[in-house]
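Residues take their numbers from the sequence shown, with the count starting at 1. What's counted below: heavy atoms across the whole structure, side chains too, no hydrogens, waters or symmetry copies. Order of listing sets the numbers, starting from 1, for every ligand and every atom in it. Note that the structure is a prediction, hence the values are computed from the model and not measured.
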Amino acid sequence: MTDGYAGYRAQLLETLRAKGIRDLAVLRAVATVPRHLFVPEYLSHRAYDDAALPIGNGQTISQPWIQARTLEAMQLTGRETVLEVGTGSGYQTALLAQLAETVVSIERVRALSDAARAALERAGIRGPMLLVSDGTLGWQPLAPYDAIAVSAASPDVPEPLVRQLVPGGRLVIPIGDLDHQVLTLVRRTQDGMERTNLADARFVPLIGEHGWGEK
Ligand code: SAM
């Protein structure tokens with residue numbers, strides 16, 4: 001990608017490597033996707049900081065490191081069908097489009113989904129299917145998924161999402177209270193699920209039938 005931001009993207013890659021991201025496909029995706037197209041214009045000078053930034057409607061684009069850690073844990077080879085819950089800006093959706101075959105992304109706020117669609121178009125990314133609904137229910141028509149990423153904080157593992165994973169499938173989700181969560185890898189096994197803690201995290205709340213209630 002040739003634009004005025006190549007140097008900033010290279011710096012962000014260095015930061016992610018220094019913080020332990022090793023998956024080459026994930027690093028390549030970060031090197032490819034123009035993050036400045038997914039943040040509000042007044043923040044484009046900060047687009048490649050390793051920081052969460054506001055995107056309107058009280059929501060945020062997550063910190064690149066936490067997104068890279070999520071994508072690494074999904075263990076994608078390029079052939080998977082994946083579900084994302086919490087489209088937000090669409091940036092992680094764009095990364096997923098580089099790493100999996102089929103990407104479905106659900107957002108509960110229509111204005112954000114519309115803005116994400118426009119940003120994906122500006123970035124020339126046409127594959128992902130964007131939906132507006134309660135992502136805690138998953139999306140049955142394309143289930144089962146090889147991997148699911150939830151980018152909002154949940155009190156526990158939403159049961160419909162585990163049911164919509166293939167056996168051996170990976171769900172990456174921040175679990176905890178509203179102030180502090182642990183980014184958790186949940187692997188669906190033959191007889192239930194296995195959990196692994198990945199990192200401390202702080203996300204906006206997952207609001208829905210299997211998340212937090214509306215205020
Ligand atoms: N991954 C996004 C990005 O790259 O910009 C950041 C997502 S932001 C931290 C979390 C998003 O989850 C918000 O846009 C919020 O509206 C959305 N959200 C919260 N509860 C949801 C639900 N039940 N279903 C779908 N989206 C939800």
Taking only heavy atoms of Leu112, which atoms of ligand 1 are found under 4.0 Å from at least one of them?
14 (O)
May I ask you to say whether Arg9 pairs ionically with Glu14, meaning some side-chain N is under 4.0 Å from a carboxylate O?
no
Write out the residue and atom name of the closest protein heavy atom to atom 3 (C) of ligand 1, then the distance separating them to 0.1 Å.
Ser89 OG, 3.4 Å
Tell me yes or no: between the side chains of Tyr91 and Arg35, is some donor less than 3.5 Å from an acceptor?
no
Exactly one candidate in Val132, Leu130, Ile55 meets side-chain contact (heavy atoms from CB on, under 4.5 Å) with Leu112; the answer is Ile55
Atom 24 (N) of ligand 1: closest protein heavy atom, distance to 0.1 Å, is Gly135 N, 2.8 Å
Going by atom types alone, do Arg163 and Gln140 pair a side-chain donor with an acceptor below 3.5 Å?
no
What residue among Thr136, Ile207, Thr184, Ile173 forms side-chain contact (heavy atoms from CB on, under 4.5 Å) with Ser154?
Ile173
For ligand 1, which atoms have a heavy atom of Gln67 less than 4.0 angstrom away?
1 (N), 3 (C), 4 (O)
Above 12 or not: heavy atoms from other molecules or residues under 6.0 Å from CZ of Arg110?
no
Measuring from non-hydrogen atoms of Ser62 to any atom of ligand 1, is the shortest distance under 4.0 Å?
yes
Is the closest heavy-atom distance from Ala116 to ligand 1 below 4.0 Å?
no
With no hydrogens and no angle check, just 3.5 Å: does a side-chain donor-acceptor pair link Thr93 and Glu84?
yes
Salt bridge Asp50-Arg69, side-chain N to carboxylate O under 4.0 Å:
no
Proximal ligand 1 atoms for Val204, defined as those under 4.0 Å from one of its heavy atoms
9 (C), 10 (C)
Output yes when a side-chain donor or acceptor of Glu80 lies under 3.5 Å from a complementary backbone atom of Val82, and no otherwise.
no
Distance to 0.1 Å, residue and atom name: give those for the protein heavy atom nearest to atom 2 (C) of ligand 1.
Thr87 O, 3.4 Å
Atom 16 (O) of ligand 1: of Glu107, Arg35, Arg108, His210, the nearest heavy atom sits on Glu107
Residue, atom and distance of the protein heavy atom nearest atom 8 (S) of ligand 1 read Thr60 O, 3.1 Å
Can you list the ligand 1 atoms lying under 4.0 Å from a non-hydrogen atom of Val109?
16 (O)
What protein heavy atom sits nearest atom 12 (O) of ligand 1, and how far off is it?
Gly86 CA, 3.3 Å
Relative to each other, are the rings of His36 and Tyr48 parallel, tilted or perpendicular (30° and 60° limits)?
tilted
Taking the non-hydrogen atoms of Glu209, is any one of them nearer than 4.0 angstrom to ligand 1?
no
Give me the nearest non-hydrogen protein atom to atom 13 (C) of ligand 1 as residue plus atom name, then the distance to 0.1 Å.
Gln59 OE1, 3.2 Å
Should Asn57 be listed as contacting ligand 1, given a heavy-atom distance under 4.0 Å as the test?
no
Contact between ligand 1 and Ala149 is defined here as a heavy atom of the residue under 4.0 Å from a ligand atom; is it met?
no
Pick, from Ala153, Ser133, Ser151, Pro205, the option with the minimum heavy-atom distance to atom 10 (C) of ligand 1.
Ser151
Report the nearest protein non-hydrogen atom to atom 20 (N) of ligand 1: residue, atom name, distance rounded to 0.1 Å.
Ile207 N, 3.0 Å
Under 4.0 Å between a Lys/Arg side-chain N and an Asp/Glu carboxylate O for Arg202 and Asp179?
yes
